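Not measured: the values here are computed from a predicted model. Atoms within a ligand are numbered from 1 in the order they appear, just like the ligands themselves.
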Amino acid sequence: MEIKTRRDFLKTLGVGAVAASLPSWIYSCATGKRKPNILFIMSDDHAAHAISCYGSKINATPQLDRLASEGMRFDNCFCTNGICAPSRASILTGKYNHLNGMLDNKLEFDGKQQTLPKLLKPAGYQTAMIGKWHLKSEPTGFDYYKVLPGQGKYFDPLFQINGNWPETTEEKGYVTDIITDEAIQFMRNADSEKPFLLMCHHKAPHRPWQPDPKHWAQFKDREIPEPPTLFDDYKGKASAVKNAEMTLERHMHPLDTGGVIAPENLKGKDLVRWRYQLYMRNYLACIASIDDNIGRILDFLKTSGLEENTIVIYTSDQGFFLGDHGWFDKRFMYEESLQMPLIIRYPGVVPKGQVNEDMALNVDFAPTFLDFAGVEIPTDIQGESFRKILQGRTPKNWRQSAYYHYYEYPAWHMVDAHYGIRTKRYKLIHYYGYTDEWEFFDLQDDPQEMNNCYHSPEYQDLIKKLKIELYQLQAYYNVEKPVPMQIEKSETSLF
Ligand SMILES: [Ca+2]
């Protein structure tokens, strides 16, 4: 009689009879369902405007579109520091970089600190990290890891596997396929009585772009539409923007165009156009492999029976300039670099085919996953759980502005240190490293950020208010007053 009652109770929560025999700790109090598996798929430098459900004009990503049609797409998800290692550290810790220590790519992550996998393990989670790690120190908190050393290689990559750190083992094949194979193998072999956290981090589409030949064949003769800001002349913009060493015209390396060197007679706009085409064909061909492999993962989840109880997340550590403003690379707080694609599917919990406009940040990921797992969110985590947003209920006090802080200068591309605030409509940026200049954009009237209106009289009152809010955010996040940096040449890790 007692068992029957419990089964009836579980049925009301949507939990099947088989699950009723499982221990109580396996249920999440947040959803009343079994604690979900969390499959976190992250690519490297995949801009949202190279995903067709985000309105890409340059490629199609049918498998990511499929994921979005079955879940929720976030249109205002932002990184808090637009380069690789810092974003990864924020995702792992739920904290800004001044607290987790990864201000830039040069530093080494302190693996002793609190991280998402360490918090999930006591709740019964199996934890694994497969693919690009990029935090230099040995991964901690994972039952299993198999990571690329440094940036990794596209073909026949080396891996570092737990138990044998820092030795490397070569795997034959294409990196995006191999990482997917490994992820599927982990899920297939995982203990089905326990939930898992699997962080599946692709190297692609990081430069220098080396696509799988079968995808290159699809793109090699394709004419890629140019972005409207390809020939931004930076008029009225900050010196940091004018001085950045990331233009297609003057700073692109031959490796970024597949090792092909531009004909000598090409100059100015012709050279930019030539480089843009080769750059984008390689970049988009790398993304085609990611999309195919997302399809393989989704098919596996369906056929294995894991689909219903697995939260699938797709994101990228930050965005990228796809010729926008004449640039490649990222770092700046401009939209193309700031925005992270974010698509989340959780059958039966997240409504299908939703598009959300609320502001999410990479520091929100860890608390959100903890929340779904029914794990108490430590008070020192700075991000906020957006579980309720995923369930269709945005909290009334949800953030209306986001704080960003980029530190890495001097370094590759010589982008000055800056911080800023973005609201739904406006953006205010302060470059403070070797310069002391501001930019202000009205994103409603100027979504492409071509007109710096920092000195426009009609915006002065608004800018004053935004500065107050910006400094309040710095105080809220315990950011020490940023100081101009020592300017000296230094070595840094690639890109
Ligand atoms: Ca990156």
Flag C84 as yes if one of its N/O/S atoms falls below 3.0 Å of the Ca ion (ligand 1), otherwise no.
->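 For C84, the answer is yes, given that an N, O or S atom comes within less than 3.0 Å of the Ca ion (ligand 1).
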
Among H202, H201, Q151, which one satisfies side-chain hydrogen bond (donor to acceptor under 3.5 Å, both in side chains) with K132?
->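 For K132, the side-chain hydrogen bond (donor to acceptor under 3.5 Å, both in side chains) check succeeds only for Q151.
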
Short side-chain to backbone donor-acceptor contact, T257 and G259, under 3.5 Å =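 Not confirmed, T257 side chain does not pair with G259 backbone.
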
Verify, without hydrogens or angle tests, whether D256 (side chain) and H253 (backbone) share a donor-acceptor contact under 3.5 angstrom.
->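 Present.
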
Applying ring-ring contact (aromatic ring centres under 6.0 Å, His included) between F321 and each of W327, Y279, Y276, Y283, report the one that passes.
->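 Among W327, Y279, Y276, Y283, the one that satisfies the ring-ring contact (aromatic ring centres under 6.0 Å, His included) with F321 is W327.
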
Angle subtended at the Ca ion (ligand 1) by OD2 of D317 and OD1 of D44, nearest 10° =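 The two atoms subtend 90° at the Ca ion (ligand 1).
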
Quick one: the OD1 of D45, the Ca ion (ligand 1), NE2 of Q318 angle, rounded to 10°, please.
->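 Result: 60°, to 10°.
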
